[in-house]
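Okay, structure first, notes after.
In what follows, chains are A, B, ... by sequence order, proteins preceding strands, each numbered from 1. Keep in mind that this is a model prediction, so the values were computed, not measured.
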2 protein chains.
Amino acid sequence: MKALVIEDNEEIADCIQQSLQHMNITSDHFPLGKLGLSAADVSQYNLLILDLNLPDMDGLSVLERFKKIQPDTPVLIVSARITVEARVKGLDLGADDYLIKPFQLAELEARVRALFRRTANERCTQIKFGHLAFNQNTKEYWLKDQPLELTPRERSVLELLLRKNGRVMSKKSIADHIFNFDDEADISSIEIYIHRLRKKLSKCNVAITTKRGLGYLLTQT
Amino acid sequence: MKALVIEDNEEIADCIQQSLQHMNITSDHFPLGKLGLSAADVSQYNLLILDLNLPDMDGLSVLERFKKIQPDTPVLIVSARITVEARVKGLDLGADDYLIKPFQLAELEARVRALFRRTANERCTQIKFGHLAFNQNTKEYWLKDQPLELTPRERSVLELLLRKNGRVMSKKSIADHIFNFDDEADISSIEIYIHRLRKKLSKCNVAITTKRGLGYLLTQT
DNA sequence: ACTCAACTTTCAGTTACCTTTCAATTACAA
DNA sequence: TTGTAATTGAAAGGTAACTGAAAGTTGAGT
């Protein structure tokens, strides 16, 4: 974790850097907008803490240019006086949060934690098996980089097999999972789904293998 | 887009809801923490606007419980007096922003926009998809260089699909987003909006594709 | 070689989605 | 207020995709 601090007041900058260090975040500090931006050109940061009142440039322009270089890095603006207009403009330019001076270090830390929690919040929902990828949220399947078109039943069966991660699954237990109580389909329908899935999977390195008398499992060829 | 507003002052709540509607955000309003939380149990929201001073519960407890139900939904706290301790605690509980009463509606809107930009990962106000462009601030749509005239419902649906950026969205979740509590339209209305949108999009390289059993998504032809 | 589980194909019934119509509602202008 | 236009969504009928029973074929294990 590394933060960029652009702030002309040395004393405040020191406090901020100390606070960051306390959270185990490394930081670079520059007292001028231009210096900060050229640092952003050469290294990647996880956070920008920006003072809007800089001696050399308008803070909002610094923000704008920074966002062009590192659009996904969250930005926390720290300033003494911010007009409503500047706040609106800043938020629209991509600032993520504001802190009005003077502030307590506890609040700075809480805001930084909140920023990171938000950005880190993208949990992985993909299951992969060979060339096959499955997104648990959208229930979409991909083969290499092609979307794989499946019917609802096929999706359910394949999801079960993927979840089992290469272990055998009996027809009975597949049926138990994909049929609900009032559905009263024959167990043999499972064979049909497997057949249709195999056809669709035939062009890749993932196959459904039969363990006679036991069930099916996913294998890589 | 759908917001939950928990605020006991009817007048302020009205203003907020009006403001949200102006941004084409559907909202449910409840004057008590308990009511709001039970709503959160049953429907998914994209935003919580929470007053800390509620007659029935401590606002921070409402926040805490809400975050357990919908951890990824951003929260904007609106309150008259907030101690530094409460701010820090709120941020640690997962609040994303604060607004001190009294506030200007312009600032509320800017903050809401900023929150959405963050969660939707979108740093600029324009979303583009093929020939289709959408301005998040003005809610205007353009096809190539022609403005695209849509009805409010159509705008909401298309905005959702755009925000999903080419990923599938089920009819159910589309309905959850664009209808509020007391609206009780049938889920099949979604099919009609899709149909009307398709007609209006027919002259360009953007299409709404059906994933049978899953939902709809935007594609480029 | 025999047996039976598994494979494959066919096809009618079902379901999900599409499309049009139209009455009710809402928004808005006069 | 009244009149007019736009928007909305329920109803109904159509279409194409999905489903799974039936029946015949294949092939692994004994």
Side-chain angles (χ1 to χ4, degrees), chain A residues 138-141 147-161 168-202 207-219, chain B residues 2 17-18 21-22 24 26 139-141 147-161 168-202 207-219:
Chain A
T138 65
K139 307 286 177 195
E140 286 172 301
Y141 289 87
L148 176 65
E149 307 290 349
L150 298 180
T151 72
R153 288 291 198 224
E154 289 161 3
R155 276 196 291 269
S156 306
V157 172
L158 188 52
E159 180 174 354
L160 268 177
L161 292 174
V168 184
M169 184 118 219
S170 73
K171 268 191 292 201
K172 178 71 174 58
S173 61
I174 294 176
D176 286 347
H177 274 91
I178 71 173
F179 295 131
N180 52 28
F181 288 123
D182 33 288
D183 258 343
E184 42 183 286
D186 197 89
I187 250 191
S188 66
S189 335
I190 304 300
E191 295 169 6
I192 305 177
Y193 309 147
I194 294 288
H195 176 235
R196 291 176 182 151
L197 274 172
R198 280 176 171 153
K199 220 186 281 182
K200 292 185 180 178
L201 288 172
S202 63
I208 299 173
T209 304
T210 304
K211 290 283 169 198
R212 205 179 164 82
L214 292 177
Y216 301 100
L217 70 138
L218 278 185
T219 49
Chain B
K2 195 167 175 188
Q17 286 199 285
Q18 229 171 303
Q21 183 146 26
H22 183 242
N24 205 21
T26 332
K139 305 287 174 193
E140 285 171 308
Y141 290 88
L148 176 64
E149 304 292 347
L150 298 180
T151 71
R153 289 291 198 222
E154 289 162 2
R155 272 198 294 273
S156 302
V157 173
L158 189 52
E159 180 175 353
L160 264 178
L161 292 175
V168 184
M169 184 116 223
S170 74
K171 268 192 295 203
K172 179 72 175 54
S173 61
I174 294 175
D176 287 347
H177 274 89
I178 71 174
F179 297 132
N180 62 38
F181 239 41
D182 28 284
D183 260 343
E184 44 183 283
D186 196 88
I187 225 182
S188 65
S189 334
I190 305 301
E191 295 169 9
I192 304 177
Y193 308 147
I194 294 288
H195 177 236
R196 290 176 182 149
L197 275 172
R198 280 177 171 153
K199 222 186 279 183
K200 293 185 180 179
L201 289 173
S202 62
I208 299 172
T209 303
T210 304
K211 291 279 172 197
R212 190 170 241 264
L214 287 180
Y216 300 100
L217 69 135
L218 281 184
T219 49

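Listed by chain and residue number, A/Thr138 satisfy the side-chain hydrogen bond (donor to acceptor under 3.5 Å, both in side chains) test with A/Glu140 (two or more places apart in sequence, or in another chain). Contacts of B/Ser170 classified as side-chain hydrogen bond (donor to acceptor under 3.5 Å, both in side chains), with partners at least two apart in sequence or in another chain: B/Ser173.
In this structure, CZ of B/Arg153 is placed 11 Å from P of C/dA27, rounded to the nearest angstrom. To the nearest angstrom, P of C/dC18 lies 12 Å from CD1 of B/Ile190. Here D/dA21 presents its P atom at 11 Å from CD1 of A/Ile187, a figure rounded to the nearest Å. The distance from atom CD of A/Glu154 to atom P of D/dT19 is 7 Å, rounded to the nearest whole Å. The interatomic distance linking A/Asp186 (CG) with D/dT19 (C1') rounds to 13 Å, in whole Å. Here C/dC4 presents its P atom at 23 Å from NZ of A/Lys211, a figure rounded to the nearest Å. Summarising the geometry, the separation between CG on B/Leu214 and P on D/dA17 is reported as 16 Å, rounded to the nearest angstrom. If you measure from atom CD1 of A/Ile194 to atom P of D/dT19, you get 14 Å, rounded to the nearest angstrom.
Of the two residues contacting DNA chain D, namely A/Leu150 and B/Tyr193, the nearest-nucleotide position lying further toward the 5' end is that of B/Tyr193.
Under a 3.5 Å cut-off, the side chain of B/Lys2 and the backbone N or O of B/Ile178 do not form any donor-acceptor pair. Side-chain N or O atoms of B/Tyr193 include none that pairs as donor or acceptor with a backbone N or O of B/Leu158 at under 3.5 Å. Between the side chain of B/Thr26 and the backbone N or O of B/His177, at least one donor-acceptor pair lies under 3.5 Å. Side-chain N or O atoms of A/Tyr141 include none that pairs as donor or acceptor with a backbone N or O of A/Leu150 at under 3.5 Å. Remark: side-chain polar atoms of B/Lys171 are not paired, donor with acceptor, to backbone N or O of B/Ser188 under 3.5 angstrom.
The stretch residues 171-178 of chain B comes close to DNA chain C through B/Lys171, each having a heavy atom under 4.0 Å from the strand.
Side-chain atoms of B/Thr210 and B/Arg198 include a donor-acceptor pair closer than 3.5 Å.
The line from CG of A/Leu218 to CG of A/Leu161 is 5.0 Å long, rounded to the nearest 0.5 Å. Interatomic distance, CG of B/Asp176 versus CE of B/Met169, reported as 8.5 Å (0.5 Å rounding).
The side chain of A/Thr210 places no N or O atom within less than 4.0 Å of a non-bridging phosphate oxygen (OP1 or OP2) of C/dA5. Within the 4.0 Å cut-off from OP1 or OP2 of C/dA5, not a single side-chain nitrogen or oxygen of A/Tyr216 is found.
Between B/Arg155 and B/Pro152 the shortest side-chain heavy-atom distance falls below 4.5 Å.
In terms of heavy-atom proximity, A/Phe179 sits nearest to A/Asp186 at CE1-O, 4.2 Å.
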**OP:** Applying side chain to side chain contact (heavy atoms under 4.5 Å, CB included), run through A/Ile208 and A/Leu217 and close with a yes or a no.
**Re:** CA-CA 6 Å; A/Ile208 299 173; A/Leu217 70 138; over 6 Å; no
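Exactly one of A/Val168, A/Thr209, A/Ile174 qualifies for a side chain to side chain contact (heavy atoms under 4.5 Å, CB included) with A/Tyr216. That residue is A/Ile174.
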**OP:** Starting at the 5' end of nucleotides 19-26 of chain C, put B wherever the base has a protein heavy atom under 4.0 Å, S where only the sugar-phosphate does, and a dash everywhere else.
**Re:** SB------
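Over its length, the helix from C/dA1-D/dT30 to C/dA30-D/dT1 turns its helix axis by 40°, as judged from the five terminal pairs at each end, rounded to 10°.
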Short N/O separations, protein against nucleotides 24-30 of chain D, under 3.5 angstrom:
unit_1: D/dG27; atom_1: N2; unit_2: A/Arg212; atom_2: NH2; d: 3.2

